[in-house]
**Q** 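Supplied in C-alpha cells, the structure appears directly below.
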Amino acid sequence: MLTSADAKRMVDAAISKAEELGVAGSVAVVDAGGHLKAFVRMDGSVLGSADGAKRKAHTAVTSGMSTSQMFQIVTGDAAFGAILGHGTEGTLFLPGGEPIAGADGIVGAVAFSGGQPDQDAEIVNAATAVATS
C-alpha cells in the first residue's frame with residue numbers, strides 16, 4: 001500500500017532534487033487507482049506543469065511502465081514524440097512519470113513536470129528512490 005507518509009517523502013525528494021537542478025515544476029503522487037494522493041506545484045512553476053505531472057502519474061500507474069519507456073515506444077524522434085506524447089485523454093507519454101512497485105504489484109506512481117524531459121526524469125527518479133518504507 002502507498003501511504004500518505006510515502007507520498008510526502010516522494011514529494012519532498014522530488015522538490016529537493018528540482019531545487020538542486022534549478023527547476024520549478026509540479027510533482028504528483030497517485031495511488032494504484034490513479035487517484036491523487038499528494039501534489040505540490042512549486043513557486044515559480046508554469047501553470048501547465050500541474051496538469052502535466054498529474055497526467056504523467058496517471059499514465060505511469062495505468063500502464064505499469066515509465067513514461068520515459070512509453071516515450072521511446074511511441075517514437076525515438078523527440079520533435080515527433082512531443083506531438084504524439086500527449087496521447088489520449090488523461091495520458092502523457094513524456095519522460096517524468098514512474099510507477100511505484102510494492103510487494104503485491106503496482107501501488108501507485110509519481111511524476112514531475114516543469115523541466116526538460118531529462119530533468120523531469122532525474123527528479124522523479126529521486127522520488128522513486130524513497131518511494132515506500
**Q** State plainly whether one hydrophobic cluster holds both V11 and V110, where clusters connect Ile, Leu, Val, Met, Phe, Trp and Tyr through side-chain heavy atoms under 4.5 angstrom apart.
**A**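 Yes, V11 connects to V110 through the hydrophobic network.
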**Q** Who passes side-chain contact (heavy atoms from CB on, under 4.5 Å) against A50, sequence neighbours left out?
**A**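 By the side-chain contact (heavy atoms from CB on, under 4.5 Å) rule, A50 matches S26, F39, R41.
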**Q** Where do S49 and S113 come nearest, in terms of heavy atoms and distance?
**A**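 The pair with the smallest heavy-atom distance is CB-O, 3.2 Å.
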**Q** Can you see which heavy atom on A109 is nearest to which on A60, and at what distance?
**A**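 Closest pair (atom of A109, atom of A60, distance): CB-CB, 3.8 Å.
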**Q** In Å, rounded to the nearest 0.5 Å, how long is the span from CZ of F112 to CD of E122?
**A**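 If I round to the nearest 0.5 Å, the distance is 11.0 Å.
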**Q** What pair of heavy atoms forms the shortest contact from K37 to A7, and how long is it?
**A**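 So the minimum-distance heavy-atom pair works out to CG-CB, 3.7 Å.
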**Q** State, to 0.1 Å, how close A28 and A57 come at their nearest heavy-atom pair, and which atoms those are.
**A**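 So the minimum-distance heavy-atom pair works out to O-CB, 4.1 Å.
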**Q** Rounded to the nearest 0.5 Å, what's the gap from CD1 on I106 to OG1 on T62? Could you check?
**A**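 OG1 of T62 is found 10.5 Å from CD1 of I106.
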**Q** List the steps, then state whether side-chain contact (heavy atoms from CB on, under 4.5 Å) holds for D120 with L94.
**A** CA-CA 9 Å; D120 288 0; L94 298 175; over 6 Å; no
**Q** Quick check for you: to the nearest 0.5 Å, what is the distance between T3 atom OG1 and K8 atom NZ?
**A**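 One finds 12.0 Å between OG1 of T3 and NZ of K8.
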**Q** Under 4.0 Å between a Lys/Arg side-chain N and an Asp/Glu carboxylate O for R9 and D12?
**A**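 No salt bridge links R9 with D12.
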**Q** Tell me the closest heavy-atom pair linking A111 and G97, and the distance in Å.
**A**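 Nearest heavy atoms, A111 then G97: CB-CA, 3.9 Å.
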**Q** State plainly whether one hydrophobic cluster holds both V61 and V124, where clusters connect Ile, Leu, Val, Met, Phe, Trp and Tyr through side-chain heavy atoms under 4.5 angstrom apart.
**A**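 No, separate clusters.
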**Q** Any chance you could measure M70, atom CE, to T59, atom OG1, to the nearest 0.5 Å?
**A**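 Answer for the CE-OG1 pair, M70 versus T59, is 6.5 Å.
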**Q** State, with a plain yes or no, whether a side-chain heavy atom of V27 is found less than 4.5 Å away from one of M10.
**A**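 No - every pair of side-chain heavy atoms lies 4.5 Å or more apart.
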**Q** Flag yes if V30 and I100 sit in one hydrophobic cluster, no otherwise; membership is Ile, Leu, Val, Met, Phe, Trp, Tyr, and two members link when side-chain heavy atoms are under 4.5 Å apart.
**A**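 Different clusters.
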**Q** Working to the nearest 0.5 Å, report the span between OG of S66 and CG of N125.
**A**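 Here the interatomic distance stands at 7.5 Å.
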**Q** Quick one: do L2 and L36 end up in the same hydrophobic cluster if we chain Ile, Leu, Val, Met, Phe, Trp and Tyr together by side-chain heavy atoms under 4.5 Å apart?
**A**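 No, separate clusters.
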**Q** Can you tell me how far apart NZ (K56) and CG (D51) are? Round to the nearest 0.5 Å.
**A**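 Reported value, rounded in 0.5 Å steps: 11.0 Å.
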